[in-house]
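Have a look at the structure below, then the notes.
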There are 2 protein chains.
Amino acid sequence: MGKATISDISRSLIEIVWYFGPKGLNGECCKNLTMPEFIALDKISTTTNCAVQDVGYSLGFTKSGATRIVNRLEKKGYVQKIKSHEDARICCVEITKSGERVLSSANSRYVEQFHTIAAKMSDHSLTDTVEVLKAMAKALKG
Amino acid sequence: MGKATISDISRSLIEIVWYFGPKGLNGECCKNLTMPEFIALDKISTTTNCAVQDVGYSLGFTKSGATRIVNRLEKKGYVQKIKSHEDARICCVEITKSGERVLSSANSRYVEQFHTIAAKMSDHSLTDTVEVLKAMAKALKG
DNA sequence: AATTATAGTTGACATCGTCAACCGAATGGA
DNA sequence: TCCATTCGGTTGACGATGTCAACTATAATT
């Protein structure tokens, strides 16, 4: 038996990340929406005049990768690209009605998954758990 | 401006997952080790007579995918495959010295990243945060 | 002994993101 | 004003990664 080389916190974090990440949840947050698409769609829905590159920034993709993921979302009918009036180089990406439905549905499913897990954490209240995760997410940006 | 369609907890969880996941941390937990490889290596290092499929199970991969990731690790010199004596169909995957070094190094880097974030969470002690994450990881398996 | 189940491998394939080269539009200094 | 540069976006070629289905070999069952 090899000794357990990695620490508890690493393993816990990785398990969480793997479970809620791109490969977990059957590889899709929602029917027809991968995790990066989920993130992109959220970014688009909360950003006015969202340029293609803005999507790339929030995902850590190159501008090429940004174009590709936006195109995929467009093909699925969840967003549309509109040339900016102020600057003709920029494409403003906007979420469609269909996109909003899918985003909302993905969110529900994601939250539901989280609640299922949180319900099993007998030593921690849902509120506490949520607070820690929110604080952690906030710390990522600081 | 589209209304923010998704809930805080979804967004927080996703941000964490994205940051500590396959795409975050420069796409590699450690030089020359992707996130699935990290997980596989940990599984291998803590499992006696680890079959190729066992690696697949812990990642949620098909047996084909398991073969491929083990082969990749073997090519990098981090594991070796040994035919089982009891059952000639089974390949026991074992971590090498080099593999242990890399795993340990990836772990350090991962823990360090976590501590950097945790240090910024002024409202939550490191201990509390760790406890919540451990409990959450445990709940995933229950 | 013949059938069936299991572990693993492999070829063909789809997905996805990067890199580098490119286009067109904006901008700024001579 | 003209030209060089910068900037947003797109595209072709590519590499990485995982699945599916077909296959081999070994074990277990009947």
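As the structure is a computational prediction, the values presented were derived from the model and not from experiment. Every chain is numbered from 1, with letters handed out A, B, ... down the list of sequences.
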Nearest whole angstrom, please: distance from the [atom2] of [N] to the [atom1] of [X].
X       : N      : atom1 : atom2 : answer
B:Glu74 : C:dG8  : CD    : C1'   : 13 Å
B:Glu86 : C:dA7  : CD    : P     : 14 Å
B:Trp18 : C:dG17 : CH2   : C1'   : 10 Å
A:Lys75 : C:dT15 : NZ    : C1'   : 12 Å
B:Gln53 : D:dA25 : CD    : P     : 18 Å
A:Arg68 : C:dA14 : CZ    : P     : 17 Å
A:Leu73 : D:dG9  : CG    : C1'   : 16 Å

Do the side-chain N or O atoms of [X] get closer than 4.0 angstrom to the phosphate oxygens (OP1, OP2) of [N]?
X       : N      : result
B:Ser64 : C:dT9  : no
B:Arg72 : D:dG18 : yes
A:Lys83 : D:dG9  : no
A:Thr62 : C:dG17 : no

Handout entry: Any side-chain donor near an acceptor of the partner, A:Asn107 and B:Thr5, under 3.5 Å
Key = no
Fill in the blank from the handout: Heavy-atom nearest nucleotide on DNA chain C taken for A:Glu37 and for B:Ile90; more 5' hit belongs to B:Ile90
Problem - Contact nearer the 5' end of DNA chain C, comparing A:Ala88 with A:Lys63 - result: A:Lys63
Quick one: which of [options] gets closest to the side chain of [X]?
X       : options               : value
A:Phe61 : D:dG18, C:dT18, C:dT9 : C:dT18
B:Thr67 : D:dA13, C:dA12, C:dG8 : C:dG8
B:Ala51 : C:dG8, D:dT10, D:dG18 : C:dG8

Problem - Cluster link B:Leu13 to B:Ile117, ILVMFWY, side chain under 4.5 Å - result: yes
Practice task
Identify which one of B:Val55, B:Ile69, B:Val79, B:Thr46 satisfies the side-chain contact (heavy atoms from CB on, under 4.5 Å) criterion when paired with B:Leu41.
Solution key: B:Val79
Problem - Side-chain donor/acceptor contact of A:Arg89 with base of C:dT27 under 3.5 Å - result: no
Exercise for the section: Look at the rings of B:Phe61 and A:Trp18 and say which category their plane angle falls in: under 30° parallel, 30 to 60° tilted, over 60° perpendicular. Expected result: tilted
Problem - Minimal non-hydrogen separation, B:Ser10 against A:Val111, with atom names - result: OG-CG2, 3.3 Å
Handout entry: Closest-nucleotide ordering on DNA chain D, the 5'-leading residue of A:Asp87 and A:Asn71
Key = A:Asp87
